[in-house]
Undergrad: 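Here it is: the structure, laid out below.
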Amino acid sequence: MEFSELIRTGQAQAELLRGPEMPPLRGTLCVTGHHLLLSPGPQATPDLWLLLLRSVDSIEKRVAGDAGTITLRCKDLRVLQLDIEGVEATLDIARSIEALSSLESVITSFPFFYRPKGLRLGESWHFHPPERYYKRVARETRAWRLSEANEDFSLCPSYPRAVIVPRAVDDDALARSAHFRQGGRFPVLSYYHAPSGTVLLRSSQPLTGPQKRRCAEDEELLQAVLAGARPGSRGFIVDTRSAQAAKQARMTGGGTEAKSAYPGWKRLHRPLERGRPLQESFVHLVEACGDLEQSMDRWLSRLDGCRWLSHVKEALSTACLAAQGMEWEGACILVHGAEGTDSTLLVTSLAQLILDPLSRTMAGFQELIEREWIQAGHPFQLRCAHSAFSHTRPKHEAPIFLLFLDCVWQLGRQFPLSLEFGEGMLLALFDHSYASSFGTFLCNSEKERCLCEVRTRTHSLWSGLNQPKEQRKLRNPLYAPNPLAIWPSVEPQSLQLWQGLFLRWTHPPEPSEVAWEKVWQIATDQEKTEGSQPTDSASEPQP
Amino acid sequence: MEHIRTTKVEQVKLLDRFSTSNKSLTGTLYLTATHLLFIDSHQKETWILHHHIALVEKLALTTSGCPLVIQCKNFRIVHFIVPRERDCHDIYNSLLQLSKQAKYEDLYAFSYNPKQNDSERLRGWQLVDLAEEYKRMGLPNSNWQLSDANRDYKICETYPRELYVPRIASKPIIVGSSKFRSKGRFPVLSYYHQNKEAAICRCSQPLSGFSARCLEDEHLLQAISKANPANRYMYVMDTRPRLNAMANRAAGKGYENEDNYSNIRFQFVGIENIHVMRSSLQKLLEVSGTKGLSVSDFYSGLESAGWLRHIKAVTDAAIFLARAIMVENASVLVHCSDGWDRTSQVCSLGSLLLDPYYRTIRGFMIHEHIHSCQFGNFIGNCQKEREELKLKEKTYSLWPFLLHDQKKYFNPLYSSTSQKLAVLEPNTVSFNFKFWRNMYHQFDRTLHPRQSVFNIIMNMNEQNKQLQKDVKDLESQIKQHKNKQTDGVLTKELLNSVRPESPALKTSLCLKEQTLLPVKDALRTVEGSSPADNRYSEYADEFSKAEPAVVSSEYGVARMTC
């Protein structure tokens with residue numbers, strides 16, 4: 001396909017307004033296959049302004065007289081306004097942006113063309129898959145093995161090639177268990193908690209259906225999990241749907257584990273919001289945050305009405321419940337909802353951040369996201385196709401990953417010294433999950449990524465983020481390794497709106513940025529002074 | 001002491017305020033002449049000053065005992081269960097008596113003895129020198145002078161003796177104006193902006209009714225506007241809602257008629273009165289104190305309490321005031337009804353925005369003194385009352401104690417050199433106002449962040465200073481050695497002897513803050529952070545229910561806290 005077919009005009013003169021705090025830019029506007037460019041001329045700073053077309057969420061055009069205005073609402077929640085000379089040029093540019101920003105083909109997307117200086121293709125892709133995590137588990141226990149039963153993605157199209165399963169269960173049993181689980185997502189190990197010898201598992205719902213079918217191999221698998229843990233261990237199944245919703249799912253072939261079929265396991269229901277209601281919650285919150293004139297009462301009522309912070313609270317509470325079950329009750333935990341690709345991952349990844357100090361390091365957090373979100377088959381392409389501004393009716397969109405990032409941000413607020421990464425890292429992950437020059441968040445599963453050759457033909461976000469020049473933005477200058485579990489308060493008074501994200505563009509961030517800079521300065525001053533050597537002349541006196 | 005019947009009750013339970021499963025600590029309750037003291041089984045002490053108690057309630061008898069709920073003025077709420085109803089009744093009655101503020105002389109401040117001698121005590125009281133503060137503002141000058149009109153509190157009992165007024169305002173004008181103002185509170189200077197030559201003045205409402213006028217009052221306002229060479233127009237800010245001010249006219253009070261005063265611009269601000277504010281705060285505390293509060297109830301409660309709306313209104317008024325001075329060079333006269341509540345809020349916040357000095361610790365003390373003590377109250381309601389109470393001989397000043405502990409109050413990110421922010425202009429868009437958890441839940445440990453950024457930055461700052469000093473010391477020592485002898489080995493030894501101290505210093509400070517405990521004890525965690533402290537732990541009851549044989553989380557709590 002040629003992008004040029006979609007580009008209707010070469011260039012136009014335009015003025016760009018980027019919000020109340022930024023000066024407008026005037027210059028030549030130009031649409032390319034992947035970008036919108038504005039060149040204010042060589043003497044201006046910046047001399048080139050660039051927007052990835054993929055990051056445009058919605059576009060609005062208006063013409064009056066012989067000029068037009070295009071309003072671009074971006075997936076990172078920015079709102080941009082372009083005042084363009086010429087009605088035809090305005091309409092052409094608007095149509096070009098519309099067509100190019102909604103292209104669905106993965107292999108023609110920008111990451112397949114992005115070749116930044118200083119990075120080599122294929123670098124750091126191999127950093128984080130499950131094999132690496134298995135090595136960690138194998139050091140602690142012999143009860144688990146790495147299975148390559150899914151090598152050709154035939155058991156489960158949304159799992160990676162290799163998964164960690166109980167040693168006592170062979171690949172044939174896995175295959176049967178996979179048949180019994182929606183989308184083939186049989187129970188696999190998500191996290192091994194060494195201090196208690198317990199494990200966190202995840203799967204999708206069992207396909208019990210109205211006849212209450214059973215699957216011996218699936219039951220054996222969960223039995224083997226308990227047998228592999230400390231003697232007398234119990235298990236809890238944290239179902240992220242309400243008991244009623246789980247029951248109703250039987251009518252459509254799904255369901256939940258019957259008590260009698262899984263001795264030693266007890267089911268707990270913790271309904272978490274998902275799908276369209278969650279997307280609407282996000283949309284309503286962003287709408288409320290865009291209104292600078294509203295009264296205090298209106299703002300509070302909208303903040304309440306969108307229910308976003310309730311979702312944050314429920315997600316954190318459920319993750320704490322799972323973590324607590326492991327650390328305090330010595331129980332094994334299986335988490336699933338329906339598909340097991342959304343709220344399930346939210347709970348398992350948050351529980352690990354709470355329990356596991358390694359996942360709170362920069363490298364560990366990247367590994368966690370790679371393992372528990374990307375490789376675990378969270379359908380990023382479907383969920384993040386549109387952000388909060390899209391006019392199209394949401395189909396598969398849901399800000400589950402954003403909800404995860406928000407929960408991590410809350411953890412960071414309550415334990416400001418315990419995360420090696422700062423708010424900047426969470427913002428970057430949000431931006432890149434919706435639109436990116438890197439290939440990391442492309443596609444919906446490992447299988448699709450293999451088909452598109454994402455690993456060999458695009459750059460990894462991790463190698464982009466791990467460049468030294470990015471560190472000041474991403475790291476927490478106050479980090480001090482904390483070997484303990486971090487139990488957050490989930491009281492409403494303790495949870496806060498993530499202003500750095502939801503008000504990033506509407507609200508001048510200046511004071512907090514000044515403070516952040518100052519914190520960096522203090523923290524780096526300290527390193528400098530502590531590590532400093534006296535000046536040459538002083539340390540090596542001349543005779 | 002005649003109020004105390006029982007001085008000690010054992011086996012009293014202190015309930016966790018937010019736990020829905022009646023988690024509690026058991027200990028002994030002591031009643032002294034000044035304090036209620038609870039010592040729990042871990043020897044942790046909870047002291048409650050009788051005069052901090054706002055409300056004591058005895059709830060209906062339960063199977064475990066008689067509940068006694070005490071609400072304090074500093075937002076502490078404690079919930080005791082006293083095993084025997086008689087003891088509870090005795091303590092309840094004693095506290096009812098002891099917490100009553102009968103006479104000033106009964107206040108703890110009059111019996112508190114911090115072991116200062118008289119000269120230290122005097123110096124403490126002299127820390128805040130108002131004459132000095134007026135001098136700092138550049139007063140007196142050609143337009144403003146000290147007036148002795150109120151030297152004997154003859155014109156206005158609630159004003160201090162020393163007041164600044166326009167030089168051209170004669171005593172008869174002041175006296176005349178004071179008769180036209182509620183409680184005699186005529187317009188006086190509150191803050192003078194030296195660069196802009198503009199003043200913030202304050203007063204109470206005029207007794208204008210529907211048509212009354214007072215030439216002296218009109219003259220005094222004109223004198224204030226003439227004292228500002230840059231702008232002859234002055235603002236008169238009535239901080240009340242328009243309706244309230246209009247209602248006051250029926251009672252012979254009211255607000256300035258623009259037609260009668262030359263060169264004024266009259267403006268209502270719409271801050272609610274103390275009765276509205278009081279019930280708003282009560283509602284807020286009710287909401288935030290609810291057990292098992294949902295996010296939705298919290299925000300709808302926050303909205304209906306209206307507290308943040310009031311905070312925004314006061315802030316908006318202060319910004320209006322600061323802009324009038326900075327942008328228009330205009331003087332501003334602020335009043336409400338009596339001119340001692342809303343007026344104080346607006347004048348003090350306004351001058352805090354304008355003057356970086358009030359944003360230092362010492363400056364803030366003076367600021368508080370001018371606005372809370374001189375005109376309002378800490379003890380006593382005005383200077384006259386405080387003199388009659390002989391506070392300076394009988395009690396101690398708070399300021400030296402705050403200054404002594406000033407490290408606790410420092411903001412480590414404060415930068416005195418950021419001239420760019422010389423005048424603060426906060427953005428009052430609604431989402432900038434947030435529930436102040438650290439104030440209203442200051443005693444509810446479990447709701448707070450578990451690690452303090454401020455403390456760690458403070459420590460880093462100090463270490464940085466210390467390390468830089470070390471480096472300088474070493475360099476100068478090396479230089480000295482260089483002069484004396486030329487042996488390089490000695491220099492290196494010297495370096496080694498000092499350097500290892502720094503990392504140790506760092507670790508110890510970090511440990512102190514985070515209370516990091518040995519890793520091997522998996523049940524321990526960052527202090528104040530355990531699942532047992534938080535509400536999701538109540539779900540853990542389900543774990544216990546599943547198999548009665550397993551360890552309950554309550555057992556875990558006991559292990560953790562021992």
Side-chain angles (χ1 to χ4, degrees), chain A residues 195-196 234 266 268 289 292 294-297 299-301 303-304 307 309-310 313 317 320-321 324-325 327-329 331 413-418 478 480 482-487 489-495 497 503 507-508 515 518-519 522-523 525-526 529-530 532 534 538-541 543, chain B residues 18 288 293-296 298-300 302-303 308-309 312 413 427 429-431 433 435 437 441 446-447 449-451 453 456-457 460-461 463-464 467-468 471 474-475 478 482 486 488 491 502 510 514 516 519 522 524-526 529-531 534-537 539-540 542-543 546-547 550 553 556:
Chain A
S196 66
R234 304 173 300 141
K266 183 183 169 6
L268 302 172
C289 290
L292 298 173
Q294 64 200 328
S295 70
M296 185 63 75
D297 289 0
W299 160 244
L300 289 173
S301 119
L303 190 57
D304 174 24
R307 301 192 45 75
L309 284 169
S310 304
K313 176 181 159 74
S317 311
C320 288
L321 177 78
Q324 191 184 3
E327 190 179 276
W328 285 57
E329 308 293 327
R413 294 292 293 197
Q414 297 193 27
F415 298 88
L417 316 180
S418 298
L478 301 175
N482 174 359
L484 307 169
I486 52 172
W487 300 105
S489 162
V490 294
E491 297 295 333
Q493 295 97 317
S494 306
L495 301 175
L497 177 72
L503 302 173
H507 185 55
K518 174 101 185 174
V519 170
I522 293 169
D525 264 6
Q526 176 155 42
T529 341
E530 271 185 11
S532 77
S539 64
E540 284 173 44
Chain B
F18 290 102
S288 68
L293 182 67
S294 75
V295 174
S296 182
F298 177 62
Y299 281 101
S300 57
L302 209 53
E303 181 196 340
L308 295 179
R309 200 175 62 223
K312 177 169 156 57
L413 299 178
N427 184 338
V429 62
S430 296
F431 32 68
F433 294 88
F435 174 74
R437 182 187 56 209
H441 287 297
T446 57
L447 298 188
R450 311 311 162 86
Q451 295 172 313
V453 169
I456 200 98
I457 294 180
M460 279 185 171
N461 260 339
Q463 289 162 38
N464 282 350
L467 287 166
Q468 272 156 8
V471 169
L474 283 173
E475 283 179 350
I478 288 167
K482 242 165 60 180
T486 54
T491 315
S502 325
C510 293
Q514 283 185 259
L516 290 185
V519 192
R524 287 187 179 266
T525 172
V526 177
S529 165
S530 85
N534 297 295
R535 238 203 297 150
Y536 43 80
S537 69
Y539 299 145
E542 301 206 31
F543 286 132
E547 306 231 3
V550 298
S553 66

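No hydrogens, no waters, no symmetry mates; every other heavy atom, side chains included, goes into these values.
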Undergrad: Taking only residues two or more places apart in sequence or in another chain, which ones pass salt bridge (charged side-chain N to carboxylate O under 4.0 Å, His left out) with B:R437?
TA: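 Partners of B:R437 by the salt bridge (charged side-chain N to carboxylate O under 4.0 Å, His left out) criterion come out as none, since no residue qualifies.
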Undergrad: Could you report the tightest heavy-atom contact between A:K313 and B:V295, atom names first, then the distance?
TA: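 In this case the closest contact between A:K313 and B:V295 is CD-CG2, 3.4 Å.
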Undergrad: Do any N or O atoms from the side chain of A:Q294 and from the backbone of B:S430 form a donor-acceptor pair under 3.5 angstrom?
TA: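 Side chain of A:Q294 to backbone of B:S430: no pair is present.
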Undergrad: Show your reasoning for whether side chain to side chain contact (heavy atoms under 4.5 Å, CB included) applies to B:F298 and A:L309.
TA: CA-CA 11 Å; B:F298 177 62; A:L309 284 169; over 6 Å; no
Undergrad: Testing the basics here: between B:R309 and A:M296, what is the closest heavy-atom pair and its distance to 0.1 Å?
TA: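 The pair with the smallest heavy-atom distance is N-CG, 3.8 Å.
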Undergrad: Determine whether B:Q451 and A:L478 make a side-chain contact, defined as any pair of heavy atoms from C-beta on separated by less than 4.5 Å.
TA: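 B:Q451 does not reach A:L478 side chain to side chain.
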Undergrad: Quick one: side-chain hydrogen bond (donor to acceptor under 3.5 Å, both in side chains) partners of B:E303, sequence neighbours excluded?
TA: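 Counting only residues at least two positions away or on another chain, B:E303 forms no side-chain hydrogen bond (donor to acceptor under 3.5 Å, both in side chains).
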Undergrad: Can you tell me how far apart OG (B:S288) and CD (A:E491) are? Round to the nearest 0.5 Å.
TA: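 The distance works out to 11.0 Å.
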Undergrad: Need one label for A:S295: side chain, backbone, both or neither, based on atoms under 4.5 Å from any heavy atom in chain B.
TA: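 Backbone only.
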Undergrad: Quick one: are B:L447 and A:S494 in side-chain contact, heavy atoms under 4.5 Å?
TA: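 Yes - at least one pair of side-chain heavy atoms lies under 4.5 Å apart.
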Undergrad: Counting heavy-atom pairs under 4.5 Å with chain B, which one of A:L300, A:L292, A:L497, A:L303 comes out on top?
TA: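 So the answer, after comparing A:L300, A:L292, A:L497, A:L303, is A:L300.
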Undergrad: Of all heavy-atom pairs between B:S300 and A:D304, which one has the smallest distance, and what is that distance?
TA: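 So the two residues come closest at CB-OD2, 3.5 Å.
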Undergrad: Could you look at A:R413 and say if it's the side chain, the backbone, both or neither that has a heavy atom under 4.5 Å from chain B?
TA: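 Looking at A:R413, just its backbone touches chain B.
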Undergrad: Can you see which heavy atom on B:S296 is nearest to which on A:S310, and at what distance?
TA: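 The pair with the smallest heavy-atom distance is N-OG, 4.3 Å.
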Undergrad: Where on B:F435 is there a heavy atom nearer than 4.5 Å to chain A: the side chain, the backbone, both, or neither?
TA: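 Only the side chain of B:F435 comes within 4.5 Å of chain A.
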